[in-house]
Amino acid sequence: MIGNFPFVAVVILLGLGIYTLIFKKNLIKIAIGITLIENGTNLFLITLGYRKGAVAPIYTQAPEGVPMVLPTPQALTLTSIVIGVATTALILSIAMIIYKKYGTLNSDEVRRLRG
Amino acid sequence: MSGILTHAPALVIALPLLAAFLVPIIGRFNRSKGLGWFVSIILGLSLLMTLLMANHILSNGPLIYVFGGSEPGLTLPSGYTVPIRIIFQIDGMGIFMGIITAVVSFLGAVYSISFMEQHSGLEKYYTLLLLLTTAMYGMEFTGDIFNFFVFLEIASIASVALIAFRSNLSGEPAEAGFKYMVVSSIAALMVLFAVGLFYGQYDVLNMATIASVMQFTQLDKIALILLVTVLAMKAGSVPMHMWTPDAYSEAPAPITMILVAASQASLYALFRVTFSLYNITLNTVVIGWIIIILGVLSMFIGVTMAIIQKDIKRLMAYHAISQTGYMLLGVGVGLAVLANPVALESFGIKAMEGGIFHIMNHAMYKGLLFLTAGALFYRTGTRDLNKMGGLAHNMSYTTVFFIIGAAAIAGIPPFNGFASKLIIYESVYQFNPLLSIIAMLVSILTLASFVKVFHSAFLGPKLEQYQKVEEVPKSMVVAMATLACIIVFFGLFPDVIVDNLVHPAVMALINQVNYTSAILGGM
Amino acid sequence: MSIGLLETGSGYWQAIIWVIITVIIGIGVLWLRNKGKEEYKKNTNQTKPFLSGNPELTKEDSHVGASHIYWGFTEALKHYYQPLVNIHTGNINDYSGWVVLVMAIIFIIVGVS
């Protein structure tokens with residue numbers, strides 16, 4: 001039962017992120033929402049990689065006879081975090097340009113492109 | 001020669017990627033046209049390499065490339081039962097999309113030589129263009145689902161930066177970029193979540209291996225829903241299309257052309273997931289009808305919204321949505337009858353051929369139309385159709401290219417749009433006559449809205465402010481002329497393309513066994 | 001002629017024959033047009049359009065702007081267009097909302113089936 005707590009946290013993070021994307025008007029908060037979804041996904045991946053009783057796959061330090069985990073989910077998570085940093089940086093810098101040009105970060109006013 | 005061919009899948013990615021990092025260095029010495037020429041040559045080389053691969057794949061079967069392996073073709077080294085390295089798997093469908101990417105990005109670079117000449121920050125522009133091309137190749141060639149996510153993110157980041165490229169003048173490009181970034185982040189993260197679902201169940205990331213052990217459990221269903229929705233959104237289907245007109249209209253014209261190909265790479269991924277990954281394990285009728293309904297909505301709402309637009313590129317962007325609907329319709333019909341061999345044989349394969357052929361045709365004529373819109377913007381400085389008029393007097397080449405593109409998109413014979421639309425009409429009619437009638441109606445409305453553009457931009461008397469307008473520079477004319485020639489050729493000899501490129505692509509999608517056995521051997 | 005012959009599922013399409021026929025018909029039309037009378041008086045009222053006796057507009061004034069084209073079409077379909085344009089709010093929150101909504105609908109459809 002307690003092993004499922006990370007998955008509950010994943011669902012909560014995803015739900016909060018989607019809620020933020022749909023209902024929060026501030027563009028910076030939308031960027032935070034995306035980061036929340038991203039962290040939820042990363043937590044999901046890293047939870048999948050957990051194996052009870054197994055050790056990290058470092059060959060020189062590994063004790064004898066104990067299974068080692070395949071570090072693929074960890075590698076995926078690292079890649080995803082790096083991509084996430086790039087995404088967040090880009091989205092925040094674009095939000096900055098929008099604030100310079102529009103003078104506001106309210107998504108109700110940042111909609112000159114419509115129809 | 002054979003050495004190049006063996007390593008071509010890696011080289012075709014590596015060439016633009018490495019060039020992307022060379023561009024800033026070259027840009028320090030040569031800020032004018034030299035940079036554009038360099039990028040065009042690089043993309044021309046990767047176009048040649050793609051054609052070389054196409055020649056090989058269409059005669060000898062799929063091309064496999066294992067990264068980091070002792071041998072490029074060795075997917076399962078002794079002792080392994082599943083492939084754990086990143087594998088590129090290029091079959092008929094992948095190379096079909098690869099050719100589109102190669103042609104479109106090469107012509108986009110050629111067009112940019114003159115079009116972007118006046119801009120500052122060109123080295124950043126070309127770096128991003130090369131990265132976008134790399135990412136598109138990667139999405140189309142990869143056989144690894146996590147690798148697909150990485151390329152999807154590279155494509156979104158590069159295209160967002162390119163959409164917002166002109167935000168030094170006004171705020172709208174940044175706004176469009178922001179919107180595209182938000183939706184494509186959602187898409188990419190949902191793809192990543194689906195990757196997690198697959199990995200959690202099957203412990204592999206290779207698509208062919210997942211396909212071979214696919215159980216269609218509850219979790220697979222969730223993954224399928226996530227993938228179908230977000231990939232349909234990235235392809236721009238109604239009602240998740242709203243980012244499309246914003247992004248397409250604000251990006252520089254050559255980038256818009258490449259963005260069309262990039263959203264078609266997502267469309268390709270949608271087909272890859274439904275056909276190669278799941279195939280008949282999923283409920284083909286339900287998923288097929290979902291895709292058909294998305295397609296019909298896209299067709300109809302896209303075209304009716306296009307008619308009332310005043311911004312030329314926004315109008316064309318709505319048409320891009322509408323044309324995506326045709327592809328979804330054609331391939332959706334194929335998917336809906338996938339489990340029924342008789343119907344698949346009698347009209348399903350033809351419907352898919354129509355849909356897949358339309359992808360290539362659309363990339364060509366919509367690219368041409370966006371380039372003519374860019375030519376008008378280059379000379380008049382506006383995208384507002386109300387402010388244009390009488391440009392045919394001074395821009396005769398652009399006018400001719402516009403007529404060719406508009407006739408092709410409206411499905412007027414003998415241009416290429418007609419050939420693919422005819423296949424879609426006739427084969428879809430056997431599935432459900434109503435769908436075929438809607439498709440024809442949409443085609444008429446398409447013609448109507450392009451008559452509007454033609455009338456208000458090109459016809460009429462010379463306007464005061466455009467007395468001194470000239471024809472656009474040579475590199476832009478060359479890029480447009482190439483696309484126009486491709487359109488006319490495809491229109492006159494559609495069978496050459498359908499038999500040699502489209503049919504193998506459709507067969508590669510339908511035959512899941514070929515897809516998995518290429519990696520896992522004869523299992 | 002086998003090259004250029006496209007099988008379309010329930011029929012055939014041959015673009016080259018279409019082009020040849022179009023050219024032949026075009027030549028015929030041009031020939032017919034050239035049979036018209038040539039002895040009209042140039043630069044008189046004979047060459048001008050007759051607009052119920054109203055003075056003819058200059059070319060610059062007679063150009064119809066893009067917003068006026070298909071005015072009748074959009075006016076007739078006002079009840080279709082009004083909600084459709086209202087949906088396209090341009091608000092980024094709605095963009096995300098639509099994705100989630102469509103995802104939920106597909107979820108229900110696939111879950112039920």
Can you say whether [X] sits under 4.5 Å from chain A via the side chain, the backbone, both, or neither, judging by heavy atoms?
X        : value
B:Met242 : neither
B:Ile186 : side chain
B:Ala188 : neither
B:Ile154 : neither
B:Asn168 : backbone
B:Ser170 : backbone
B:Ser167 : both

Can you name the closest pair of heavy atoms from [X] and [Y] and give their distance?
X        : Y        : result
B:Phe178 : A:Ala95  : CE1-CB, 4.1 Å
A:Arg111 : B:Glu175 : CA-OE2, 3.1 Å
B:Ala164 : A:Ile94  : CB-CD1, 4.4 Å
B:Ser185 : A:Thr87  : OG-CG2, 3.3 Å

[X] versus [Y]: any side-chain heavy-atom pair under 4.5 Å?
X        : Y        : result
B:Met181 : A:Ile34  : no
A:Thr72  : B:Phe146 : no
B:Phe149 : A:Leu76  : no
B:Tyr199 : A:Leu45  : no

Atom [atom1] of residue position [X] - does it have more than 12 heavy atoms of other residues, nucleotides or ligands inside 6.0 Å?
X        : atom1 : result
A:Tyr99  : OH    : no
B:Lys387 : NZ    : no
B:Lys124 : NZ    : no

Top residue by heavy-atom pair count (under 4.5 Å) with chain B, among A:Ile30, A:Leu27, A:Leu48?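 Winner by heavy-atom pair count: A:Leu27.
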Under the criterion side-chain contact (heavy atoms from CB on, under 4.5 Å), which of A:Val110, A:Leu113, A:Ile98 is the partner of B:Glu172?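 Result for side-chain contact (heavy atoms from CB on, under 4.5 Å) with B:Glu172: A:Leu113.
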To the nearest 0.5 Å, how far apart are [atom1] in [X] and [atom2] in [Y]?
X        : Y        : atom1 : atom2 : answer
B:Leu189 : A:Ile83  : CG    : CD1   : 9.5 Å
B:Phe193 : A:Asn42  : CZ    : CG    : 11.5 Å
B:Asp246 : A:Arg112 : CG    : CZ    : 13.0 Å

What part of A:Ile91 is in contact with chain B, defined as an atom under 4.5 angstrom from a non-hydrogen atom: side chain, backbone, both or neither?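 Both backbone and side chain.
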Side chain from CB out, backbone as N, CA, C, O: work out which of these in A:Ile37 comes under 4.5 Å of a heavy atom of chain B, or both, or neither.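 For A:Ile37, backbone and side chain are both near chain B.
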Name the member of B:Glu250, B:Arg314, B:Glu153 that forms the most heavy-atom pairs with chain A at distances under 4.5 Å.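 Most heavy-atom pairs under 4.5 Å with chain A: B:Arg314.
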